Amino acid sequence: MKKNYFNRKNNQFLMKLILILTISSALIFSEAIAQQNSGVKEPSQMSKYEFLAMASKSDSLTAVVNMFFRKRKSATTSGLIVGGSGILIGLVVTSANAADQVLGLVGGVLTGQMPEEKNDPGGEIALLGLAAGTAIVTVGRSKYTKNNLYKILSEYQETKKIPSKFASKLLPRDFSFFSN
């Protein structure tokens, strides 16, 4: 009877081992295929310098790439400033209310009257600031996505035109290859 138990246990172990080896082999195989097809990169995964390499034949396209990345950086910076300011103001308001409550408690102990509790708006202020910062980043970056930029660069090859809504936003500094 013992021998049969060990055989069943060994069979279960072997089945689990075979399953693990099959899954790991499939993962290795899929990774190998993905590396073979990695010549084509998703636009959302491309860097600024890869877009600049695509646009290197045209000063106008170089300016569009620089403008897109400038606008994306500006939206991110603005969102961080608004969100960080909201959090900072919320902390200051909370600290001021906490200090006021401590003074009220000390005064209450001395006079024998307990102060009434006040609603602390610091958390709401911080949450509103964080939400506003997130909205600014989302809206600002949604206009200037890497997929839109890729589409403009691809269409330029056929039309030799930059859409007017983007061309009107170009600045002289965008025409430099090394522009931020």
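For clarity, every value in this text was computed on a predicted model and none was experimentally measured.
- Leu170 approaches Ala63 most closely through the heavy-atom pair CD2-O, 3.5 Å.
- Contact detail for Thr62 and Ala55: the closest heavy-atom pair is OG1-O, 3.4 Å.
- Side-chain contact between Leu52 and Asn66: present, with at least one pair of heavy atoms (C-beta onward) separated by less than 4.5 Å.
- Atom CG of Leu130 and atom OG1 of Thr134 lie 5.0 Å apart (nearest 0.5 Å).
- How far CD1 of Ile162 is from OG of Ser60: 4.5 Å, rounded to the nearest 0.5 Å.
- The backbone N or O of Leu91 sits nowhere less than 3.5 Å from a side-chain atom of Thr94 that would complete a donor-acceptor pair.
- In plain terms, the two heavy atoms of Glu50 and Gln45 that are nearest each other are OE1-O, 4.1 Å.
- A heavy-atom distance below 4.5 Å is found between the side chains of Arg70 and Leu171.
- Here the side chains of Tyr150 and Met54 are in contact, with some heavy-atom distance below 4.5 Å.
- To the nearest 0.5 angstrom, Arg72 atom CZ is 10.0 Å from Ser142 atom OG.
- Phe69 approaches Lys48 most closely through the heavy-atom pair CZ-CA, 3.5 Å.
- Side-chain contact check for Val65 versus Leu153: some heavy-atom pair is nearer than 4.5 Å.
- With rounding to the nearest 0.5 angstrom, the OG1 atom of Thr159 is 10.0 Å from the CD1 atom of Ile152.
- Residues satisfying the side chain to side chain donor-acceptor pair (under 3.5 Å) criterion with Thr138, sequence neighbours excluded, are absent altogether.
- When side chains are defined from C-beta on, Lys71 does not count as touching Arg141, because their heavy atoms never get closer than 4.5 Å.
- Connection of Leu128 to Val82 is not established within any shared hydrophobic cluster, with ILVMFWY side chains joined at heavy-atom distances below 4.5 Å, either directly or through further cluster members.
- Ile87 is not connected to Ile89 by any chain of hydrophobic side-chain contacts under 4.5 Å among Ile, Leu, Val, Met, Phe, Trp and Tyr, and they are in different clusters.
- Annotation: side chain of Tyr156 is not in contact with side chain of Val64 (no heavy-atom distance under 4.5 Å).
- Between Glu155 and Lys151, some side-chain heavy-atom pair lies under the 4.5 Å cut-off.
- Contact annotation: the side chain of Thr145 approaches that of Asn148 to within less than 4.5 Å [non-hydrogen atoms, C-beta and beyond].
- The heavy-atom pair separating Gly79 from Ile136 by the smallest distance is N-CG2, 3.7 Å.
- Between Phe166 and Phe68, the angle of the ring planes lies from 30° to 60°, which puts this pair in the tilted group.
- Between Ala75 and Val137, the shortest heavy-atom distance links the atoms O-CG2, 3.6 Å.
- Rounded to the nearest 0.5 angstrom, Lys73 NZ and Thr76 OG1 are separated by 10.0 Å.
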